[in-house]
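Below, each value reflects all heavy atoms present in this structure, side chains not excepted, and no hydrogens, waters or symmetry copies. All values derive from a computational prediction rather than experimental measurement. All ligand and atom numbering here is 1-based and tracks the order in the structure.
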Amino acid sequence: MQEILKNYINGRWETGTTVGTSENPSDLAAPVAEYARADEPQARLAIHAASEAAGTWAASTPQRRADVLDFVGSEIVARKEELGALLAREEGKTLPEAIAEAARAGQIFKFFAGEALRIAGDKLASVRPDIDVEVTREPVGVVAIIAPWNFPFAIPAWKIAPALAYGNSVVFKPAELVPACGWALAEILSRSGLPAGVFNLVNGSGRQVGQAMIDSPLVDAISFTGSEATGANVRRQAVARGAKVQLEMGGKNPLVVLADADIARAVECAINGAFYSTGQRCTASSRIIVERAVHDRFVAAMRERMKQLKVGPALTRGSDIGPVASRQQLEQNQSYLQIAHDEGAELVEGGKLVRCESKGHYMSPALFLARPEQRVAREEIFGPIAAVLQADDYEHALALANDTDYGLCAGICTTSLKHASHFKRHAQAGMVMVNLPTAGVDYHVPFGGRKASSYGPREQGRYAAEFYTTVKTAYTCA
Ligand code: NDP
């Protein structure tokens with residue numbers, strides 16, 4: 001193993017108070033890295049550095065910001081294979097998925113390099129004589145970024161890049177499962193020409209480092225992606241002290257399959273949406289709602305297709321489904337298999353622990369026939385486990401799709417323009433897919449949901465400005 005990966009605080013690489021080990025879920029005998037774990041005082045140092053540097057970066061020119069972001073994006077894209085291999089080893093998604101994620105992270109930085117040049121305002125005539133009104137956007141200040149483990153490059157990228165593009169300073173805490181990916185991003189940012197303190201990496205636990213970020217009066221805004229329970233706590237505490245907060249949390253995303261759908265295509269949408277990335281996507285298609293007329297045919301086709309899926313190490317060519325990211329997540333998945341069984345859901349296929357050449361957290365994707373009230377059909381599992389629900393007709397399918405506490409993404413497979421158009425209007429979700437998997441989005445348009453899935457302004461695309469800037473209205477009398 002190489003040297004211990006350090007934290008990046010105020011332009012310097014710093015050791016932590018303890019050392020942690022990052023596991024390789026495909027091969028538990030070959031850990032990825034050792035990393036410096038920070039504690040609360042060290043997190044406070046990083047926050048203080050970001051606060052001291054905020055004014056300098058807020059005053060930087062759009063060109064300087066664009067140059068920094070373009071440097072970072074270009075390097076990530078150029079190194080996508082190498083970074084993808086690191087991501088595959090640390091998080092467990094398959095190498096093609098990991099390379100695609102690395103490339104996307106680079107594209108996000110390049111997109112926001114352009115946005116830094118396009119920070120626009122409005123100039124209007126006043127309703128009163130001889131007065132002009134200007135509406136401009138200014139940075140919020142210090143942004144704390146608390147990221148999950150399932151997209152260790154893309155999610156930090158879509159938070160860090162707009163934060164810097166709009167002139168904020170950043171303290172970034174990766175999830176403890178993926179410190180090496182966080183470090184790799186920080187290492188590139190450390191060579192990008194940012195002034196010391198504008199970007200800081202603090203690896204450590206949510207309870208210590210994350211909590212210090214939530215508590216600090218120097219942190220003006222918190223962008224969080226993760227579980228609903230942690231998100232609710234972050235929101236409560238951040239709102240109580242008046243910090244701006246943005247949360248992306250879970251999903252229980254429906255994919256509706258109507259009787260007029262191209263069934264082969266619907267099966268591919270369901271397989272991809274439910275099981276790729278080992279089902280560890282907040283946009284995963286975990287409720288597949290099928291119209292009765294094609295239910296049995298669809299389920300039989302899913303079973304056949306699932307038998308072809310190869311579960312294996314993330315770096316092995318031909319693996320379709322990598323390992324589950326952690327032992328804790330595997331245990332959560334297994335507990336849901338038991339819950340589904342106990343509640344009377346019928347297992348169609350999968351749900352077995354899989355032995356591979358190396359010891360890791362492997363399981364085969366599982367599909368259940370379930371009823372809407374069963375927990376396997378209601379709760380976010382965050383693993384390769386999906387439930388099929390039967391619907392009488394389109395109206396029933398739409399009602400089932402909306403019968404959830406969540407509202408991140410909703411999909412429909414149909415050849416009917418009428419039903420596709422109606423679904424786009426009436427699905428209670430922030431994102432809607434027609435004849436596509438619920439997972440898999442573009443990086444230049446808004447991402448986010450409704451109900452328990454999200455809180456605060458949308459992420460990504462030009463809509464990111466809503467969170468990462470504050471608006472000022474200025475009046476001038478000639
Ligand atoms: P968490 O919500 O616990 O973690 C997300 C981030 O928050 C991590 O960086 C974590 O740090 C941090 N965190 C944890 N506790 C606190 C705290 N008290 N204060 C501040 N920050 C904190 O999710 P997990 O990663 O543990 O995953 C658990 C479940 O969350 C999954 O099984 C899944 O259901 C869901 N999830 C949903 C995601 C989504 O995109 N919708 C993404 C990831 C998970 P640390 O690494 O130290 O825990």
Side-chain angles (χ1 to χ4, degrees), residues 16 18 20 22-23 25 35 37-40 43 47 90-93 101 144-152 154-156 158-159 171-182 201-216 219 222-238 243 245-253 277-284 286 324-336 361 375 378-385 405-409 430-431 438-439 441 447-449 451-455 459-460:
T18 53
S22 165
E23 274 198 347
Y35 66 99
R37 295 179 81 235
D39 59 3
E40 272 176 71
I47 294 165
E90 190 167 53
E91 196 268 352
K93 64 183 64 173
E101 181 184 335
I145 291 173
I146 303 177
W149 45 262
N150 59 332
F151 283 93
I155 293 179
W158 81 52
K159 295 176 187 293
V171 184
F172 166 42
K173 189 203 105 54
E176 282 234 85
L177 283 181
V178 288
C181 288
L201 167 80
V202 196
N203 269 313
S205 76
R207 279 207 205 109
Q208 290 198 27
V209 172
Q211 193 61 47
M213 293 157 87
I214 295 162
D215 289 342
S216 173
V219 171
I222 301 159
S223 182
F224 167 90
T225 300
S227 65
E228 203 187 331
T230 309
N233 267 330
V234 172
R235 173 171 67 177
R236 188 173 42 75
Q237 296 174 66
V245 63
Q246 172 186 62
L247 311 173
E248 290 301 339
M249 299 168 289
K252 193 71 186 176
N253 309 287
S277 296
T278 321
Q280 298 168 155
R281 298 188 281 194
C282 48
T283 48
S286 47
V324 174
S326 67
R327 178 185 307 281
Q328 191 190 21
Q329 187 63 52
L330 183 64
E331 285 170 1
Q332 180 167 309
N333 297 349
Q334 287 181 298
S335 80
Y336 270 100
H361 305 305
R375 288 178 65 190
R378 301 206 76 80
E379 297 175 13
E380 183 180 56
I381 300 170
F382 222 64
I385 301 173
D405 294 336
Y406 296 105
L408 189 55
C409 192
M431 298 176 288
T438 55
V441 296
F447 177 96
K451 302 199 264 186
S453 290
S454 300
Y455 178 84
E459 303 203 76
Q460 299 202 64

Participant: For residues Ala147 and Phe172, report the shortest heavy-atom separation together with the two atoms involved.
Facilitator: CB-CE1, 3.9 Å

Participant: Is it true that a side-chain atom of Glu90 and a backbone atom of Cys181 form a donor plus acceptor pair closer than 3.5 Å?
Facilitator: yes

Participant: Provide, to 0.1 Å, the distance between atom 34 (O) of ligand 1 and the closest protein heavy atom, together with that atom's residue and name.
Facilitator: Glu380 OE1, 3.3 Å

Participant: Can you name the atoms of ligand 1, numbered from 1 with element, that are less than 4.0 Å from a heavy atom of Ala175?
Facilitator: 9 (O), 46 (O)

Participant: Please report which non-hydrogen protein atom sits nearest to atom 18 (N) of ligand 1, along with the residue it belongs to and the distance in Å to one decimal place.
Facilitator: Gln211 OE1, 3.9 Å

Participant: Return the closest protein heavy atom for atom 12 (C) of ligand 1 as residue, atom name and distance.
Facilitator: Ile146 CG2, 3.6 Å

Participant: Quick one: look up the protein heavy atom nearest atom 38 (C) of ligand 1 and list residue, atom name and how far away it is.
Facilitator: Phe382 CZ, 3.4 Å

Participant: Out of all atoms in ligand 1, which are within 4.0 Å of some heavy atom of Gly250? Include the element for each.
Facilitator: 41 (N)

Participant: Around atom 8 (C) of ligand 1, find the nearest protein heavy atom and jot down its residue, atom name and distance.
Facilitator: Ala147 O, 3.4 Å

Participant: Tell me every residue that passes side chain to side chain contact (heavy atoms under 4.5 Å, CB included) with Asn333, counting only those two or more places apart in sequence or in another chain.
Facilitator: Val324, Gln329, Met363, Ile381, Pro384, Ile385

Participant: Could you report the tightest heavy-atom contact between Val209 and Asn203, atom names first, then the distance?
Facilitator: CG2-O, 4.3 Å

Participant: Short N/O distance, under 3.5 Å, between Lys173 and ligand 1?
Facilitator: yes

Participant: Taking all heavy atoms of Ile214 and all of Ala238, pick out the closest pair and write down the distance.
Facilitator: CG2-N, 4.3 Å

Participant: So, is Glu176 polar-close to ligand 1, with some N/O to N/O distance under 3.5 Å?
Facilitator: yes

Participant: For the residue pair Asp215 / Gln211, report whether a side-chain donor-acceptor contact shorter than 3.5 Å exists.
Facilitator: yes

Participant: Mark yes or no for whether Lys252, through its side chain, and Glu379, through its backbone, hold a donor-acceptor pair below 3.5 Å.
Facilitator: yes

Participant: Out of curiosity, Ile222 CD1 to Arg235 CZ, how far, rounded to the nearest 0.5 Å?
Facilitator: 13.0 Å

Participant: Go through ligand 1 atom by atom and flag the ones less than 4.0 Å from a non-hydrogen atom of Gln332.
Facilitator: 32 (O)

Participant: Give the contacting part of Met249 toward ligand 1: side chain, backbone, both or neither, where contact means a heavy-atom distance below 4.0 Å.
Facilitator: backbone

Participant: Kindly state if atom 4 (O) of ligand 1 has a protein heavy atom within a strict 4.0 Å cut-off, that is, under 4.0 Å?
Facilitator: no

Participant: Which of the numbered atoms in ligand 1 are below 4.0 angstrom from a heavy atom of Pro148?
Facilitator: 42 (C), 43 (C)

Participant: Answer yes or no: is there a donor N or O on one side and an acceptor on the other, between the side chain of Asn253 and the main chain of Cys282, under 3.5 Å?
Facilitator: yes

Participant: Have a look at Phe224, Trp149, Phe172 and point out the one with the heavy atom closest to atom 27 (O) of ligand 1.
Facilitator: Trp149

Participant: Considering the heavy atoms of Thr225, write down every atom of ligand 1 situated less than 4.0 Å from one of them.
Facilitator: 5 (C), 40 (O)

Participant: Please report the shortest heavy-atom distance between Gly407 and Lys451, naming the atom on each side.
Facilitator: N-CB, 4.3 Å

Participant: Using distance alone, decide if ligand 1 has a nitrogen or oxygen within less than 3.5 Å of any nitrogen or oxygen in Glu248.
Facilitator: no

Participant: Among all protein heavy atoms in this structure, tell me which lies nearest to atom 47 (O) of ligand 1, with the distance rounded to 0.1 Å.
Facilitator: Gly206 N, 2.7 Å

Participant: Determine whether any heavy atom of Asn150 lies closer than 4.0 Å to an atom of ligand 1.
Facilitator: yes

Participant: Would you indicate which of Ser227, Ser205, Gly251 comes nearest to atom 1 (P) of ligand 1 when only heavy atoms are counted?
Facilitator: Ser227

Participant: Between Ser454 and Glu248, what is the shortest heavy-atom contact and its length?
Facilitator: OG-OE1, 2.6 Å

Participant: Which residue and atom name correspond to the protein heavy atom nearest atom 16 (C) of ligand 1, and how close is it?
Facilitator: Thr230 CG2, 3.5 Å

Participant: Cation-pi check for Phe151 against Lys93: NZ or CZ below 6.0 Å from the six-membered ring centre and within 45 degrees of the axis, yes or no?
Facilitator: yes

Participant: Tell me the protein heavy atom at minimum distance from atom 39 (C) of ligand 1, and give that distance in Å.
Facilitator: Cys282 CB, 3.4 Å

Participant: Minimum heavy-atom separation for Trp149 to Ala175, with atom names?
Facilitator: N-CB, 3.6 Å

Participant: As an exercise, identify every atom of ligand 1 less than 4.0 angstrom from a heavy atom of Gln329.
Facilitator: 31 (C), 32 (O)

Participant: So, using side chain to side chain donor-acceptor pair (under 3.5 Å) as the criterion, who are the partners of Thr438 when residues are at least two apart?
Facilitator: Ser285

Participant: Can you list the ligand 1 atoms lying under 4.0 Å from a non-hydrogen atom of Ile214?
Facilitator: 19 (N), 20 (C)

